[in-house]
Amino acid sequence: MDAEASRSRSLSAHFQSALTACHRACSQAAKLALDIALPTLCVSCREPVDGEGVCADCWARLSFIAPPYCPRLGIPFVYDPGPDMLSMEAIANPPAYARARAAVRYDDVARTLMHALKYQDRTDLAPAMGRWMARAGSEPLDNADVLVPVPLHWRRAWRRRYNQSGALARVVERQTGVKLVPDALKRIRPTQQQIGLSRPQRASNVQGAFKVAAAGQALIAGRRVVLIDDVLTSGATVDACARALLRAKAAQVDVLVFARVVDSLKTPI
Ligand SMILES: [Zn+2]
């Protein structure tokens, strides 16, 4: 009886492993067929592309931000005024954060990339976008202690399944070795989408919306923080986050985003 049971067990094990092998082979074949049938498309123009992300044409159309720019806000200047010359905006309306840097200008290609990452689950785009950010933010990242992503309210995070700023921050962490503290900052009340709001409305929409969690206090106090977000428009969101981090005794807060809105080139003062 025992021998019979053990024979049937071993038969069943054989059957199981044959099934697993067959399943693996089938799914590999299916994946191969899919790879052949569906070439990877450029996220922006939908033309076939080698590798992933954007094609050479779209890559050339991305406007990478490079000096000269305002050392405080990172807004590109029309000419190089020499070191430490600020933009009019930085003097008239100094932000709570020390410096902001962005990889690219927020234009058509940048918008398509961001929407794909944010709403279409194209997490495969995060590595390239994060690498561009790490390069653009090399100055603040050089002596940073921690990375903190701008949080979503849990209700929105649940709908969208993941936080795109967190995904970008993870890539920046891998690139630079600066430690990511994903849950230090909490959104303590839901805010309206900032789209369509005026500058003062944007500021009041996010005022007091963020807080450093009790568990995060020790990780923030005395540290130089680089705050990570996907896009910077009026700067109201990152400013509210920077205030919350400074209230929790952060030594300094800098901002690094994938794209920033640039109205036009600025003349330095
Ligand atoms: Zn393209």
Side-chain angles (χ1 to χ4, degrees), residues 69-75 84 86-87 89-103 130 133-134 136-157 163-191 194 199-200 202-258 260:
Y69 47 61
C70 168
R72 193 84 201 273
L73 300 180
I75 301 174
D84 304 326
L86 296 177
S87 61
E89 288 83 347
I91 292 166
N93 232 335
Y97 51 82
R99 295 170 287 188
R101 296 291 181 267
M133 287 169 71
S138 63
E139 243 181 320
L141 288 167
D142 252 1
N143 50 15
D145 298 311
V146 288
L147 304 173
V148 173
V150 169
L152 292 175
H153 189 259
W154 64 266
R155 241 175 280 158
R156 200 173 291 159
N163 178 1
Q164 72 283 356
S165 304
L168 295 170
R170 265 193 300 281
V171 180
V172 176
E173 179 190 40
R174 275 202 298 276
Q175 288 288 313
T176 60
V178 181
K179 188 179 155 52
L180 171 64
V181 187
D183 299 318
L185 208 53
K186 298 279 181 205
R187 203 178 276 248
I188 49 176
R189 63 176 174 79
T191 51
Q194 297 277 66
R199 186 176 267 265
R202 280 170 184 257
S204 69
N205 184 34
V206 290
Q207 196 177 12
F210 301 94
K211 197 180 172 215
V212 171
Q217 298 273 353
L219 299 166
I220 297 302
R223 308 293 164 94
R224 285 160 303 189
V225 179
V226 173
L227 185 64
I228 307 274
D229 206 0
D230 52 358
V231 65
L232 191 153
T233 309
S234 69
T237 303
V238 285
D239 206 60
C241 289
R243 282 173 202 283
L245 289 161
L246 291 167
R247 273 199 301 275
K249 306 277 187 290
Q252 180 169 315
V253 181
D254 291 305
V255 173
L256 178 60
V257 298
F258 169 64
R260 75 163 301 142

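The chain is numbered in sequence order, starting from 1.
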Original post:
Can you check whether Ser87 reaches Arg72 side chain to side chain, under 4.5 Å on heavy atoms?
Top reply: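 No, side chains not in contact.
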Tell me the closest heavy-atom pair linking [X] and [Y], and the distance in Å.
| X | Y | result |
| --- | --- | --- |
| Val181 | Pro149 | O-CD, 3.7 Å |
| Ala244 | Val212 | O-CG2, 3.7 Å |
| Ala90 | Leu73 | N-CD1, 3.6 Å |
| Ile220 | Ala184 | CD1-CB, 3.9 Å |

**OP:** List the steps and the verdict of side-chain contact (heavy atoms from CB on, under 4.5 Å) for Val150 and Val238.
**Re:** CA-CA 7 Å; Val150 169; Val238 285; 4.3 Å; yes
Subject >> Which residues share a side chain to side chain contact (heavy atoms under 4.5 Å, CB included) with Ala103, sequence neighbours left out >> reply: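 Once residues adjacent in sequence are excluded, the partners of Ala103 under the side chain to side chain contact (heavy atoms under 4.5 Å, CB included) criterion are Trp132, Met133, Ala136, Phe258.
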Subject >> By side chain to side chain contact (heavy atoms under 4.5 Å, CB included) - contacts of Ala209 (at least two apart) >> reply: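 Side chain to side chain contact (heavy atoms under 4.5 Å, CB included) check on Ala209 returns Arg189, Thr191.
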Subject >> Pairs meeting criterion salt bridge (charged side-chain N to carboxylate O under 4.0 Å, His left out) with involvement of residues 92-101, two or more places apart >> reply: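 Sorted result for residues 92-101: Arg99-Asp254, Arg101-Glu139.
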Rounded to the nearest 0.5 Å, what separates atom [atom1] in [X] from atom [atom2] in [Y]?
| X | Y | atom1 | atom2 | answer |
| --- | --- | --- | --- | --- |
| Ile91 | Cys70 | CD1 | SG | 8.0 Å |
| Leu246 | Gln252 | CG | CD | 9.0 Å |
| Leu86 | Ile75 | CG | CD1 | 10.5 Å |
| Leu180 | Leu147 | CG | CG | 6.0 Å |
| Leu245 | Tyr97 | CG | OH | 13.5 Å |

Original post:
Partners of Asn93 by side-chain hydrogen bond (donor to acceptor under 3.5 Å, both in side chains), sequence neighbours excluded?
Top reply: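 For Asn93 there are no side-chain hydrogen bond (donor to acceptor under 3.5 Å, both in side chains) partners, ignoring immediate neighbours.
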**OP:** Under the salt bridge (charged side-chain N to carboxylate O under 4.0 Å, His left out) rule, collect the residues that match up with Arg243, sequence neighbours excluded.
**Re:**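 For Arg243 the salt bridge (charged side-chain N to carboxylate O under 4.0 Å, His left out) partners, ignoring immediate neighbours, are Asp239.
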Original post:
Can you pull the side-chain hydrogen bond (donor to acceptor under 3.5 Å, both in side chains) pairs that have at least one residue in residues 215-224, sequence neighbours excluded?
Top reply: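 side-chain hydrogen bond (donor to acceptor under 3.5 Å, both in side chains) check on residues 215-224 returns Asp145-Arg224.
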**OP:** Write out all pairs satisfying side-chain hydrogen bond (donor to acceptor under 3.5 Å, both in side chains) with one or both partners inside residues 172-186, taking only residues at least two apart or from two chains.
**Re:**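 Output for this query is empty, none listed.
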N/O donor-acceptor pairs under 3.5 Å from side chains in residues 226-235, not counting sequence neighbours:
{"residue": "Asp229", "atom": "OD1", "partner": "Ser165", "partner atom": "OG", "Å": "2.9"}
{"residue": "Asp230", "atom": "OD2", "partner": "Lys118", "partner atom": "NZ", "Å": "3.2"}
{"residue": "Asp230", "atom": "OD2", "partner": "Gln164", "partner atom": "NE2", "Å": "2.9"}
{"residue": "Ser234", "atom": "OG", "partner": "Ala236", "partner atom": "N", "Å": "3.2"}

